[in-house]
Amino acid sequence: MAESIPSVFEISKILGRLKQFFIQIGELSFFARRFFKELFSVPFEFKELLRQCYQMGNRSLMLVGMTGFIIGLVLTLQSRPTMIQFGAVSMMPNMVGISIVREIGPVITALICAGRIASGIGAELGSMRVTEQIDAMEVSGTNPFKYLVVTRILATTLMIPILIVFGDLIALLGSALVENLKGQVSFQLYFNTVFDALSFGDLIPATIKSFFFGFVIGLVGCFKGYYCKKGTVGVGISANTAVVMASLLLFIVDFIAVFVSDIFYEL
Amino acid sequence: MNYDMNKDTPKIKTNEHQKSKDNFEQKAVIRLNNVTKSFGENHVLNGFNLVLYEGENLVVMGKSGSGKSVMIKCLVGLMAPDSGYIEVMGKEISTLDRQTLDELRSDIGFLFQGSALYDSMTVRENLEFPMRRHRDKLGIVKDTTPLVLEALENVGLAHTMNLMPDELSGGMKRRVALARTLILKPKIILYDEPTSGLDPITAKEIIELMRSIQKKYGTSSLIITHDVDCARVISERMVLLVDGINYAEGTYSELSASTDPKVEAFFKK
Ligand SMILES: Nc1ncnc2c1ncn2[C@@H]1O[C@H](COP(=O)(O)OP(=O)(O)OP(=O)(O)O)[C@@H](O)[C@H]1O
Ligand SMILES: [Mg+2]
């Protein structure tokens, strides 16, 4: 009996973790504040921004496409029997379309990008910190925060929404394929139904949300990398914790976004 | 190990050193007064003093972990000291805004301990990087190739221009880093362990390079090292960093003749 009650020691350990988490969030918001401050100061590193956008988009396109396709496929296959049971199989495109565009597409794509991009940024900036490349930039007159951090956060904020739209479309394609093969629904009919079903109330919150997702991914990746602890172990930790923290924050942002858009719906 | 291959290596004697020091007396380019820096309980610098005179080669020696890198990072504003006064070319570092600091930094070359080449850029881009913000200083219109070539030729690596840093050996990286340091024609060069981790022959090459650069451009150099041979060849004056203070100062011959146990420890083979 007594063993099932957590000891004071365990509670204090959990509290310590929690405290650590909130400290991190605090530091992260300072980092974000610095980002906004340096975002609007000259000079703009436009070339580097374009390079980052290109690389991020290019490197994640395949992965996002693949996952999107499979998600669309699986979602449709799995829910088909139930929909048939309810006699609502003709509502299939509506159901899949709305759930992918509003929730599944953005979250899955953002999670994939957290794994791919946030960890990449964390490792890259981390190793630059450890090998003193960031210091070298600083002494050669280039503000490394502007050159490395601002460009990367901007790039994710711009590119993740694009990747999300791309992922959504491929997922719908996957779903349409299943409908086409199993339910003899033509692609044209499928997509017409989907776009009829989608309203601005579905698209706008999802779009706004995806910009925030992009921002969070870039912010966390840069934060973890920029303040990487010394040593090659530090680089690994940076990359790893970037993914964990980014994923966690993505869900929190998602929760807030759903909550807020729900309020607007009520009106 | 013997590095003196040039006949003109000055065999510095005490009085000679005194004379040369008098010549430099008029202008100090770097001045550190009572600098302290701690990381938590780890008190790294405890009131460190140092003066670098114009045109001189000053060697700072100290054990690994004694705070040499911390000291020169404070010097260029990469770290802020806890207390103390740091002046570079007549300007107090802690009072400068970003722009003035950047301008000042373009006159200071910094050779990092681990070379710190940008590994996502080619050698050429590495060398062009410091020029991004200091175009007006060099008066370049468009083409940076001649400057890059000149800097690379100085270190004998003109053929590596389009290679990536990971295609170079450790010694080549150090030389490219040196070329990158030189590209803005700095008045002061800070070398953080220019020969560490290199084999004796490559180390000798780097030292020769440093000397030829010194002669060619007349820079003032602050050289951090724990390589006694390097110190002997290149130093006009030496400062020993022990327990976070400037424990001893003098020429190589003065210090190597010292009987203080802490000083002796550096020169024992
Ligand atoms: N960013 C930092 N955070 C915490 N401690 C640090 C930091 N940088 C240096 N130190 C500590 O300061 C001390 C001096 O470090 P420093 O790098 O200056 O040594 P060093 O004299 O350059 O040694 P080496 O010859 O090995 O390069 C070390 O004990 C190190 O642990
Ligand atoms: Mg060092």
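As a basis for the values below, the full set of heavy atoms in this structure was taken, side chains included, without hydrogen atoms, waters or symmetry mates. What you see is a predicted model; the values in this text were computed from it and never measured. Letters A, B, ... mirror the listed sequences (proteins, then strands); counts begin at 1.
Aromatic ring orientation, A:Y147 versus B:F129: perpendicular (interplanar angle above 60°, classes split at 30° and 60°).
With a 4.5 angstrom heavy-atom cutoff, B:M121 touches chain A only via side-chain atoms. If you measure heavy-atom distances from B:L117 to chain A, the contacts under 4.5 Å come from the backbone alone.
Among B:T181, B:I108, B:V76, B:D119, the residue with the largest count of heavy-atom pairs under 4.5 Å with chain A is B:D119.
Counting only heavy atoms from C-beta outward, the side chains of A:R34 and A:F30 never approach each other to under 4.5 Å.
Residues A:F35 and A:F40 keep their aromatic ring centres 6.0 Å or farther apart. In this structure, B:F110 has its ring center at least 6.0 angstrom away from the ring center of B:Y191.
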